[in-house]
Amino acid sequence: MEPIISADTAAVRALAPAVCFVTMGCAKNEVDSQAMGRDLAAAGFRFTDDPSAADVIVVNTCSFIQSATEESLDAIFEAASLPRVEAGDAAIVVAGCMPARFGDDLAAELTEAAAFVPCSREDDIVAVLVGITGFRADADDSLPARPDRAESPVFAYVKISDGCDRFCSYCTIPHIRGRYHSFPFETVRADVEREVAAGAREIVLIAQDTGRWGADLPGSRDLAWLVDALADAFPATWFRVMYLQPEGVTDRLLRVMAERENVCPYLDIPLQHVSAPVLRAMNRAGDAEKFHGLIERIRAAVPGITLRTTLIAGFPGETEEEFEALCDFVAEEPFDYVGVFPYSREEGTAAYDLDGQLDEDEKMERAQALRDVADTCCTPRVAARIGRTMAVLVEGVEEDGQRFGRAQCQAPEVDGVTYVDCGEPGDIVEVTIADTLLYEMEGE
Ligand code: SF4
């Protein structure tokens, strides 16, 4: 889909227009917003965090499941109801997954938007905003430039690839993001260097499928090589790998994780299910026995490693027995953290047409039952850390002066935090875990 610019919203401004990003969805979208923000900053645009003060509101949408699409639509409608937008003094640009997924149909329906920029065309963001605003000058300094990173200043996400070739039957991502493509090492390294220079002490490597990094590049470099090279080049920085499919867990990667102190001994491996028939219907490999073996291999290679997974409850055709088997697996093979999602039936995916669709209540009930099993198994694992000494990266200070951060066993935004009594944001401090409450830890 080409970027579309509606002429009637174009307004030439003397000053550099102020842009406000509203980013929906996951960390990968946040990285994309930051990249667009950098391009716009280089072109002289200004930034504001206040949508009501913006000349252009860029809503970077998520639409991988229906609920995410609805949240993105709500954000667009909220922006459309702002007085400056209603008066025609500010424009809305819809970027990211929604225009990629729904194409021209969206442009016909969403007349509130002045332009659409699908993920594959985000490099065009400057041209699109120039088209809308008529702006072509250097920035003035009456509004602050957009901070380079929106999240905590002490960690940053760095994308190492985009797209996916796996075509899991329930997933819209390959249709939205296109085929898998690794970013060259030089690009990844430059992104890491920029974030470290800006103060990041932890880099979280993300992609739809991190384990495939390098497979489409010349030579024999793989994820293990990449992590090793980055950890070597930035020895004072923690590195963490997220979204690693089971097939991506290589012995080489585990060795790097075991040997390098600045590579977090942490793996996020989305299994999605453990029943072979359900996994085949999902167009995924594996079964409970193979996954038990995989976890055994990981724990033997990296003792004390922290493991996270995500699971889908209520997939079409999932029988009571298969669901029980999934609960049993979680109970027998306690992960440290488990994310559970009810199956979401998405138009345009192969699973949409499968027989045996469960009703919404049943999917919700199964998801909640699985969450309960996971909580019962995972929280004692967190409590078992009491008495252990850990390095904690201090992230911030609450209003009452309470400091908080994360240990290497806690990924940002999903695994809770550790409260500490020393250090400033950006410091890495040694603490002994004195107490835990569900997924939170307290160190002293
Ligand atoms: S590996 Fe992940 S992104 Fe790729 S199709 Fe499967 S669920 Fe979607």
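Here, residue 1 is the first one in the sequence, and each next residue gets the next number. Keep in mind that the numbers below use all heavy atoms, side chains included, and drop hydrogens, waters and symmetry copies. Counting convention: from 1, in listed order, for ligands and their atoms alike.
- Close approach of ligand 1 to F167 is summarised as follows: ligand atoms under 4.0 Å from at least one heavy atom of the residue are 5 (S).
- Ranking the protein heavy atoms by distance from atom 4 (Fe) of ligand 1 puts C164 SG, 2.2 Å first.
- Residues M441 and V382 have side chains in contact (heavy-atom distance under 4.5 Å, counting atoms from C-beta outward).
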* **Criterion side chain to side chain donor-acceptor pair (under 3.5 Å) on Y180 and S161, from CA distance to verdict** => CA-CA 7 Å; Y180 186 88; S161 67; 3.1 Å; yes

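- Using bins of under 30°, 30° to 60° and over 60° for the plane-to-plane angle, the ring pair F329/H292 lands in the tilted bin.
- Atom 3 (S) of ligand 1 has its nearest heavy-atom neighbour, among T310, D209, I176, I173, in I173.
- Partner of Q410 under the side-chain hydrogen bond (donor to acceptor under 3.5 Å, both in side chains) criterion, out of T306, T418, D336, D415: T418 alone.
- Remark: ligand 1 atoms within the under-4.0 Å shell around heavy atoms of R166 are 1 (S).
- Separation of the Y157 and F155 ring centroids falls under the 6.0 Å cut-off.
- Because the distance cut-off is set at 2.8 Å, C168 qualifies as a neighbour of atom 6 (Fe) of ligand 1 through one of its N, O or S atoms.
- Protein heavy atom closest to atom 7 (S) of ligand 1, with residue, atom name and distance, is Y170 OH, 3.4 Å.
- Regarding atom 8 (Fe) of ligand 1, its nearest protein heavy-atom neighbour is C171 SG, 2.3 Å.
- Using a 4.0 Å cut-off between charged nitrogen and carboxylate oxygen, R212 and D165 count as a salt-bridge pair.
- Neither the backbone nor the side chain of P270 comes within contact range of ligand 1; no heavy atom lies under 4.0 Å.
- Nearest protein neighbour of atom 2 (Fe) of ligand 1, counting heavy atoms only, is Q245 NE2, 3.9 Å.
- Classification of K159 and D32 as a salt-bridged pair holds, one side-chain N sitting under 4.0 Å from a carboxylate O.
- Heavy-atom proximity to P174, at under 4.0 Å, picks out these atoms of ligand 1: 5 (S).
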